[in-house]
Amino acid sequence: MTSMLVETAPAAPETIRVNALHALNYCQRLYYLEEVEELYTQDAAVFAGRRLHVELEKNEGDEWHQLVLESADLGLRGKVDALRTRNGQTIPCEHKRRRCYRDQNNKSQAWQSDRIQVLAYACLIEAELGITVPEGRIRYHADNVLVHVPLDEKARQDVRDSIHQARQLRLSPERPPVTSNERLCVRCSLAPVCLPEETRLAQGKADQAVRLFPEDDERQVIHVTEAGTRVGKSGEQFKITKRDGATTTIPSRQVGQMILHGYAQISTQAMYFCADQEVGLHFVSAGGRYLGSFDTRQGSIQRRIRQYRALTDPNLCLQLARQLVTCRGQSQRKFLMRGQRSAEVANEALEQTIEQMQRTLKQVPQADSLASLLGLEGNLAALYFGALPHLISENIAAELGFSGRNRRPPKDCFNAMLSFGYAMLLKDVMNAILAVGLEPTLGFYHQPRTQAPPLALDLMEIFRVPLVDMPVMASVSAMTFVTRSAGGRPTSC
């Protein structure tokens, strides 16, 4: 029996999106995040750009022609914004909301990323339609400027070079460094994922305070708290129906996260709708304990590989855990010190607790194991919650009193507020972990014992005092003032 070897031709490389070339020429790191790690975000600027194209298409009617093309020879694919026919020649046109670039002579020019984009469309039209395209045009609507971009041999070579560079980056296992041009980060929708300012700070390259780039998500967080309430889907809306038949509808574009408490229910269709609309779906028990989430956002493979590599190193985990315990302990101690300074009469017991916490914190850097750290953290927590009642007014109603931490379930109003706040904090931390593509079940300090993922438990420690303890204490103080002024008593929790 003779064997035959059949030689097969190598598979053709995947074509590159023209929009990916735009991202590449804007920032190589942005291209890598979107095209390799497949991380995408949509901010207000993205939606504003879409609205502009819808309005233009509506206003121009028959003058507006879109074309979807793909060329294996060129290695490109894309959809041209609009095609114009001028003097018998076909010209691709791009529309941009922002202003054009102006050189030293104040001459209007295209930004480099926009230039490559419209030239790539011109090359794609030539390759697929077999016609000659003389130029591309870009309309910058912020200053109402039309820029002509000629398609000459240098322009064609620039497009080929960009395609080659894009393919090389797709093969790299390492993310490109943060761009040196900080102004690009301000306009980038992926800044919360890329974390350019934090990276510069860690590398010692930041000479200014860390800047928080994007605005908060303006979509609503919907809490469904009544048992028996059903969440369904009706068209492009969420339909929320109570047990008595009362119905509320909320457009999906207004919802960022949906949180179901206790025995509220959600249909399978609504869950699919949450996934499609990128609405985070979270489940919290009736007692305020975070149970889990339903999230279809895919994380970054490269980022998770680096996470596994880092968090399977015992020495690194111990180092991070020491920093975490120190951060939380210092935050708790400073909160007690703040209460001590505002007190009219010095409290000796509170002063002793603050000093004892300082002595315990000095032992944290010398801890040689996670087990010893757990012991130190437990001592700090016991001291903190033991001293917390000293910050509460003596005139507080009995229902709002606090005599120590208890949970699962909390036995008083104060602990119920703390547990509820911690559950909501855990939900937000979990949502952030999933959004940036990390694996929440692989942490560096907490061990997997309950439904709560260890990494989420690790990271939420940093925010417990400022985002939960302080607001709860402020709420209790405000309620004490109101009830004392009104001469009444608060209702039961």
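- Contact record, Cys317 with Leu370: O-CD2, 4.4 Å, taken as the closest heavy-atom pair.
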Residues Tyr445, Glu377; criterion side chain to side chain contact (heavy atoms under 4.5 Å, CB included); working and verdict: CA-CA 11 Å; Tyr445 182 44; Glu377 182 196 20; 2.8 Å; yes
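- Interatomic distance, Cys274 SG to Met258 CE, rounded to the nearest 0.5 Å: 5.0 Å.
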Given Ile222 and Gln257, is the side chain to side chain contact (heavy atoms under 4.5 Å, CB included) satisfied, shown in steps? CA-CA 6 Å; Ile222 305 299; Gln257 298 182 54; over 6 Å; no
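- Residues Leu336 and His390 fail the side-chain proximity criterion, which asks for heavy atoms closer than 4.5 Å.
- Side-chain atoms of Arg243 come within 3.5 Å of backbone N or O of Ala227 as a donor-acceptor pair.
- Between the Gln332 side chain and the Val465 main chain, no donor and acceptor come within less than 3.5 Å of each other.
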Candidate pair Tyr101 and Asp114, rule side chain to side chain donor-acceptor pair (under 3.5 Å), full reasoning: CA-CA 10 Å; Tyr101 169 73; Asp114 299 337; over 6 Å; no
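- Here the OG atom belonging to Ser162 is positioned 4.0 Å from the CD1 atom belonging to Ile116, to the nearest 0.5 angstrom.
- Counting only distance, with no hydrogens or angles, the side chain of Thr312 and the backbone of Tyr308 share a donor-acceptor pair below 3.5 Å.
- Note that CD1 of Ile266 and OG1 of Thr229 are 12.0 Å apart. Values are rounded to the nearest 0.5 Å.
- In this structure, the side chains of Asn415 and Arg405 come closer than 4.5 Å at one or more pairs of heavy atoms.
- Counting only heavy atoms from C-beta outward, the side chains of Thr360 and Leu383 approach each other to under 4.5 Å.
- The main-chain N or O of Gly235 is found under 3.5 Å from a side-chain atom of Lys233 such that the two form a donor-acceptor pair.
- The distance from atom CD of Glu34 to atom SG of Cys27, rounded to the nearest 0.5 Å, is 10.0 Å.
- The cationic group of Arg333 does not satisfy the cation-pi geometry with Tyr384, failing either the under 6.0 Å distance to the six-membered ring centre or the 45° limit from the ring axis.
- Residues Ile259 and Val284 meet the side-chain proximity criterion, which asks for heavy atoms closer than 4.5 Å.
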Test log, rule side chain to side chain contact (heavy atoms under 4.5 Å, CB included), inputs Val364 and Leu373: CA-CA 7 Å; Val364 172; Leu373 269 179; 3.7 Å; yes
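- In this structure, Leu324 CG and Leu459 CG are separated by 7.5 Å, a value rounded to the nearest 0.5 Å.
- The neighbour count for Arg253 CZ, taken as heavy atoms of other residues, nucleotides or ligands under 6.0 Å away, does not exceed 12.
- Judged purely by atom type and a 3.5 angstrom limit, Thr353 uses its side chain to pair as donor or acceptor with the backbone of Ala349.
- For the pair Arg167 and Ile16, the minimum side-chain heavy-atom distance is below 4.5 Å.
- The closest side-chain heavy-atom distance from His22 to Leu30 is not below 4.5 Å.
- Formation of a donor-acceptor pair under 3.5 Å by the Gln277 side chain with backbone atoms of Val279 is not found in this model.
- Looking at every heavy atom in both residues, Asn25 comes nearest to Ser113 through CB-CA, 3.7 Å.
- Under the 4.0 Å criterion applied to side-chain N and carboxylate O atoms, Arg170 and Glu14 are assigned as salt-bridge partners.
- Inspection of the Glu174 and Ser172 side chains reveals no N or O donor paired with an N or O acceptor under 3.5 Å.
- Scanning both residues, Met460 and Leu425, for their nearest heavy atoms gives O-CD2, 3.6 Å.
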Leu76 and Val18: CA distance, side-chain angles, deciding distance, side chain to side chain contact (heavy atoms under 4.5 Å, CB included) verdict: CA-CA 6 Å; Leu76 273 182; Val18 173; 4.2 Å; yes
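- Counting heavy atoms from C-beta on, the side chains of Lys362 and Gln358 come closer than 4.5 Å.
- By the 4.5 Å heavy-atom criterion applied to side chains, Glu461 and Cys327 are not counted as neighbours.
- In terms of modelled atom types and a separation under 3.5 Å, the side chain of Tyr140 and the main chain of Arg97 share no donor-acceptor contact.
- Closest approach of Leu455 and Glu439 over heavy atoms only: CD2-O, 3.7 Å.
- Not a single donor-acceptor pair under 3.5 Å links the side chain of Asp458 to the backbone N or O of Gly443.
- Listed for the Asp276 side chain is no donor-acceptor partner under 3.5 Å among the backbone atoms of Tyr272.
- Under the 3.5 Å distance criterion, with hydrogens and angles disregarded, no donor-acceptor pair is assigned to the side chains of Tyr26 and Asn181.
- The main-chain N or O of Leu376 is never found under 3.5 Å from a side-chain atom of Gln363 such that the two would form a donor-acceptor pair.
- Contact between Val429 and Ala456 at its shortest, heavy atoms only, is CG1-O, 3.7 Å.
- Residues Val325 and Leu361 approach most closely at O-CD2, 4.3 Å, considering heavy atoms.
- Arg322 pairs by the salt bridge (Lys or Arg N to Asp or Glu O under 4.0 Å) definition with nothing, not counting sequence neighbours.
- Judged as a ring pair (Phe, Tyr, Trp, His ring centres under 6.0 Å), the pairs with a partner in residues 219-251 (not counting sequence neighbours) are, in order, His223-His261, Phe238-Phe273.
- For the side chain to side chain donor-acceptor pair (under 3.5 Å) with Asn19, the qualifying choice from Gln117, Glu35, Arg77 is Gln117, the only one to do so.
- The OG1 atom of Thr248 sits 11.0 Å away from atom CD of Gln237, with the distance rounded to the nearest 0.5 Å.
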